[in-house]
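Single-structure report; data block below.
Computation of the quantities below employed the complete heavy-atom set of this structure, encompassing side-chain atoms and omitting hydrogens, waters and symmetry-equivalent molecules. Because the structure is a prediction, the values reported are computed rather than measured.
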Amino acid sequence: MISPAAYTLVIKKLPLGICVLDTHFNIQYWNDFFTARLDLTEDATGKCILDLFPEQASFLKKKLTSAVVLNNSSFSYWEHRPHIFKFNSSRPITGEETLMFQNLEIVPLDIEQGEVKTLCLILQDVTEQASYLQTQRNLADQLEIQYQEQAKLLQQLKTTQSQLLHAEKMASIGQLAAGIAHEINNPLGFIHSNLQSLNEYLNRLIKALDFSEKLLHKTDDAISLKLKQDYFNRAQIAYIKEDTPALLQESLAGISRVSSIIQNLKVFSHVDNTSWQECDLRQIVDSTLSMLSNELKYKVKVHVDYAAQSPYIQCQPVQLNQVLLNILNNAIQAMNDIGDIWLQMHEQENSLSLIIKDNGCGIPPDVLPRVFEPFFTTKDVGQGSGLGLSMVYNVIKQHQGTISVQSELGVGTTISINFPLSNKNAWSGTAQLTDIEER
C-alpha cells in the first residue's frame, strides 16, 4: 500500500503545476513545478498568489472568484490566453527557450455545506502541442496563400487564353476583310473608270442630239419636226437628258464612297501590323466611324469635335481601332431609340484626351466598378463574352494611358481616355463639328 509520503512525493514531482489555495487565495502548498521556475529566497506558503504574480493578478482573481462563487471548475486554454504565468519552456525539437503555453484549471477541493474552502490550481505545459498546432496552422495558411495565388494565376491564364483566342479571331476576320477589300477594290477601280468614261460619252451624245435638233429646225421641214417631236415625247428624251447626268454623278459619288470604305477597311484590317508608330488619332477615329457608318446611319447622330492643334501619339493603330470599335458598339447598343454620340479630342499638359459620350440607357451603379473585369457582362448568354472592355482596358494600359467611366442611369455614359505625349509633333488641322450624315 502506497504511503501518504509517497503520494506527496508524486505530487511534488509531477510535470504539472499544482497549487493549493484557501478562499483568500493564500498558498497552502505548491509543487516543484512552481518553485523550479520562481526565484524565491523564502517559502511561499501563506503568501497570496496575487501578490506573487501582480501582472496576472486581475485575471487570476477573476478565475479564482468564479470557481468559489459558482462552486464549479474554471478553465483557461492556451488558445485564449497563451502565457498566464511568464514561465519558460523548451521547444520539443530545437530546444529553443520560449514562453510556456499553458492550460489552467481551477478546481474546488473542500466544500462544506455548499461553501468552497480550498481551491486547487492546476497548470499544464502545452508548449509542444501548441507549437505543433501553430506549425500546422502556418502551413495551412501558406497553402491557402499558394492556393489563392494559383487561382489568381489560373484566372489570369484563362483571361490571357480568351484574349488570345479573341485576338486570333480578330486576326482571321481582319485577314478575311483584307482579302475581300482587295478583291472588291479591283472591280471598283474599273467600274469607277467606266462610269467616268460613260459620263464623258453621255455628254458627247447629248451635245450631238442637241446639234441634230438644231439642224432639223433649220431645214424647216414641218413633217420631220412633227415626227421628231412625237418620238421625243414618247421616249421622254427631255427627261432622260436631264436625269441621266444626275444619275451618273450619284453613281460616281457612290463609287467614291465605297472606295473610301474599302480603303478604311484595308487600313483597319491590318491586324498583323503591331508596330508602334506616330499616328494622328483623328484619322484613327475617322477610320472607325467609317467602319460603323451602317450601324450609325439610322440610329445614332455622331458629333465630332477636334482641337485646332493636336499632337501625334505613339501607338499601335490597329489596336486603337479595336478599342474605339468596342466602345462605340457598346454606345450604339445602349440606345433604345435614336440617340447621340459625342467625340471630343483636346490636348492637356502631357497627354491627349479623347472623350466619348452617349445619351444611352447608362450603367447601374453596382455594375459600374466591374465593367473592366474579364468575363463580366450584363448581356444575355451568347450575346457577349465579357472581354470587350477588358481588352479596351489592357490596350490603353499597354499604351501607358488611363481610362475612366462615368455613367448615370437614363442619362448616358462618358468614357475618358488619356494618351501620354512623348513627342509633341503637332499637326495643323481645322476645328470642326460635323454630323455623321456629312461624312
| request: Indicate the ring-plane relationship of H399 and F419, choosing parallel, tilted or perpendicular according to the 30° and 60° boundaries. | output: perpendicular
| Do the ring planes of H80 and Y77 sit parallel (below 30°), tilted (30 to 60°) or perpendicular (above 60°)? | perpendicular
Going by the rule side-chain contact (heavy atoms from CB on, under 4.5 Å), which residues pair with [X] if we only count those two or more places apart in sequence or in a different chain?
{"X": "T65", "result": "F25, K61, V69"}
{"X": "F59", "result": "K63, S76, R81, I84, L104"}
{"X": "T45", "result": "D43"}
{"X": "K397", "result": "Y393"}

| remark: H83 meets the ring-ring contact (aromatic ring centres under 6.0 Å, His included) criterion, sequence neighbours left out, with F101
| Is it true that the NZ or CZ of R37 lies under 6.0 Å from the centre of F34's six-membered ring and within 45 degrees of the ring axis? | no
| Polar contact flag, side-chain donor to acceptor under 3.5 angstrom, Q134-S131 | no
| task | Would you please say whether a donor-acceptor pair under 3.5 Å links the side chains of Q322 and N326? | result | yes
Under the salt bridge (Lys or Arg N to Asp or Glu O under 4.0 Å) test, which residues partner [X], sequence neighbours left out?
{"X": "K47", "value": "E42"}
{"X": "E115", "value": "K117"}
{"X": "D32", "value": "K13"}

| said: Would you say that more than 12 heavy atoms from the other residues, nucleotides or ligands in this model lie under 6.0 Å from the CD of Q136, or not? | reply: yes
| remark: By side chain to side chain donor-acceptor pair (under 3.5 Å), Q28 pairs with (sequence neighbours left out) D22
| remark: Applying side chain to side chain donor-acceptor pair (under 3.5 Å) to Q283 and not counting sequence neighbours gives none
| message | Given 3.5 Å as the limit, does a donor-acceptor pair link the side chain of N31 with the main chain of G17, or not? | response | no
| task | Please check if the side chain of D243 supplies one atom and the backbone of Y239 the other of a donor-acceptor pair under 3.5 Å. | result | no
| request: Enumerate the residue pairs fulfilling side-chain hydrogen bond (donor to acceptor under 3.5 Å, both in side chains) with a member in residues 404-421, sequence neighbours excluded, ordered by first and then second residue. | output: S353-N418, S407-T413
| note | Nearest heavy-atom approach of N88 to M100 is O-CE, 3.6 Å
| query | Can you name the closest pair of heavy atoms from I27 and A44 and give their distance? | reply | CB-O, 3.7 Å
From [X] [atom1] over to [Y] [atom2], what is the distance, rounded to the nearest 0.5 angstrom?
{"X": "D340", "Y": "D358", "atom1": "CG", "atom2": "CG", "result": "9.5 Å"}
{"X": "I49", "Y": "L21", "atom1": "CD1", "atom2": "CG", "result": "5.0 Å"}
{"X": "Q277", "Y": "Q314", "atom1": "CD", "atom2": "CD", "result": "9.0 Å"}
{"X": "L202", "Y": "T244", "atom1": "CG", "atom2": "OG1", "result": "5.5 Å"}

| Which pairs pass salt bridge (Lys or Arg N to Asp or Glu O under 4.0 Å) with one or both residues in residues 133-145, sequence neighbours excluded? | E79-R137
